[in-house]
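In the text below, chain A, chain B and the rest are named by the order of the sequence lines, each starting its count at 1.
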Number of protein chains: 2
Amino acid sequence: MPERADAARNRAAILRAAERLLAENGRVSVEEIAQAAGVGKGTVFHRFGSRAGLMRALMETRVAHLTEAIETGPPPLGPGAPATDRLSAFLDAVVDLATRNVALVAAYEEEERQAGGVYQYWHRHVSTLIAQARPELDAELLAHILLGALHSDLVLHLVRRGDTGRLTATLRELVARLLSPR
Amino acid sequence: MPERADAARNRAAILRAAERLLAENGRVSVEEIAQAAGVGKGTVFHRFGSRAGLMRALMETRVAHLTEAIETGPPPLGPGAPATDRLSAFLDAVVDLATRNVALVAAYEEEERQAGGVYQYWHRHVSTLIAQARPELDAELLAHILLGALHSDLVLHLVRRGDTGRLTATLRELVARLLSPR
DNA sequence: CCAGTAACTGGACCGACGGTTCACTTAGTG
DNA sequence: CACTAAGTGAACCGTCGGTCCAGTTACTGG
């Protein structure tokens with residue numbers, strides 16, 4: 001038995017409410033989300049397990065199309081382009097995603113402290129690309145540092161100043177200098 | 001009138017207790033700290049204003065000697081050495097400090113979201129050095145990214161694997177590639 | 001169409017925590 | 001030694017994530 005119709009309806013309502021509230025105000029309690037979705041708090045926990053689970057689900061829907069583009073889309077985001085180009089394209093895409101969903105990314109980070117989920121997937125992607133381009137570097141660690149540039153604190157700071165273009169530019173510069181032969 | 005003797009005694013007791021508990025367990029509530037220090041919770045808030053204030057005070061005592069070394073100590077940490085060397089020396093010092101106080105740094109980060117305090121001071125230092133070495137780069141942003149490599153999440157991850165040497169090495173490599181002429 | 005049932009629902013409740021209040025105590029002063 | 005301002009701490013508050021459980025409801029097999 002897949003999922004009861006009312007359950008599916010409520011799940012969708014919860015996700016929609018959470019997304020809206022998160023975009024409007026910065027921080028939102030689970031109770032507020034439940035109320036806005038027209039359900040009880042218990043229902044939210046029944047469906048998503050915890051606040052973290054809800055944030056993860058939210059994040060995953062938002063990230064799904066990027067994941068697909070990476071795995072099966074056209075180059076340079078998808079397979080086929082040189083590692084350096086793929087890395088730049090990926091970072092561009094993530095900067096874009098992060099700047100357009102600051103509150104969600106912040107809420108997500110507050111829970112899943114880089115264990116499992118989206119972060120780990122991104123880390124492996126970046127790490128692999130670095131290792132392909134320059135096998136002698138500490139790809140794993142550099143991937144953490146590069147992704148650290150997307151921490152919500154910094155992005156929020158830049159968004160407030162309307163300066164997100166700097167982030168894209170600097171990351172490209174960084175990748176170029178890091179991955180080009182000396 | 002400077003500070004009453006009993007007040008000074010209690011302040012010291014609170015700081016000592018907080019430091020100890022933070023090193024032993026990861027997270028500590030203000031009440032636990034107060035109890036361990038043998039005072040009431042109200043006293044802690046009266047002295048430090050908030051949990052964040054307590055963490056800041058704690059952090060500042062831990063960081064004082066590094067600040068002094070930067071401002072008036074001998075090169076390469078202090079003034080006098082080339083910017084690149086000073087930057088490397090500084091990052092080494094901060095990695096060392098962070099790895100030996102993971103829990104404290106984590107607790108501090110949880111509060112002061114890079115507004116004012118220690119982080120801002122470090123950021124200006126790094127930013128200035130980068131600008132001196134390579135004026136055409138976006139020093140301010142790169143400083144944020146470099147300091148992002150010291151986020152407690154990453155440091156904790158490395159400390160657990162006994163791998164902190166990699167962080168120092170990679171940061172040196174990064175600085176070298178970033179600040180050397182192409 | 002109906003009865004059985006398992007999944008779903010939601011509001012009351014819980015424990016933890018950061019922070020506030022205020023009546024009381026105590027260290028320093030003239 | 002009395003006065004007072006600073007200091008103290010325990011009771012209290014609001015919020016929040018999470019749990020419980022009695023009642024409800026969507027599907028299913030007869």
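- Between A/Glu32 and A/Arg20, none of the side-chain N atoms (NZ, or NE/NH1/NH2) sits under 4.0 Å from a carboxylate O, so this pair counts as no salt bridge.
- Counting heavy atoms from C-beta on, the side chains of B/Leu147 and B/His123 come closer than 4.5 Å.
- Within a heavy-atom distance below 4.0 Å of DNA chain D, the residues of residues 19-44 of chain B found are B/Val39, B/Gly40, B/Gly42, B/Thr43.
- Atom C1' of nucleotide C/dT26 and atom CG of B/Asn10 are separated by 12 Å, given to the nearest angstrom.
- One atom, CZ of A/Arg47, and another, C1' of C/dG10, lie 14 Å apart when rounded to the nearest Å.
- The stretch residues 51-60 of chain A comes close to DNA chain D through A/Arg51, each having a heavy atom under 4.0 Å from the strand.
- No side-chain heavy atom of A/Thr84 sits under 4.5 Å from any side-chain heavy atom of A/Leu87.
- Electrostatic pairing of A/Arg9 and A/Asp6 does not count as a salt bridge here, judged by no charged N lying under 4.0 Å from a carboxylate O.
- For B/Glu173 and A/Arg177, the salt-bridge test fails: no basic side-chain N is under 4.0 Å from an acidic carboxylate O.
- Rounded to whole angstrom, the span from the CZ atom of B/Phe48 across to the P atom of C/dG19 amounts to 14 Å.
- Remark: A/Arg51 does not engage A/Glu110 in a salt bridge, criterion side-chain N to carboxylate O under 4.0 Å.
- D/dG7 atom C1' lies 5 Å from atom CZ of B/Arg4, rounded to whole Å.
- With respect to A/Arg56 and A/Glu112, a salt bridge is recorded, a charged nitrogen being found less than 4.0 Å from a carboxylate O.
- In this structure, the NE2 atom of A/His46 is 15 Å from the C1' atom of D/dA22, given to the nearest Å.
- Looking only at atom types and distance, the side chain of B/Glu109 has a donor-acceptor partner in the side chain of B/Ser152 under 3.5 Å away.
- In this structure, B/Arg9 and B/Phe45 both approach DNA chain C, and ranking their closest nucleotides by distance from the 5' end singles out B/Phe45.
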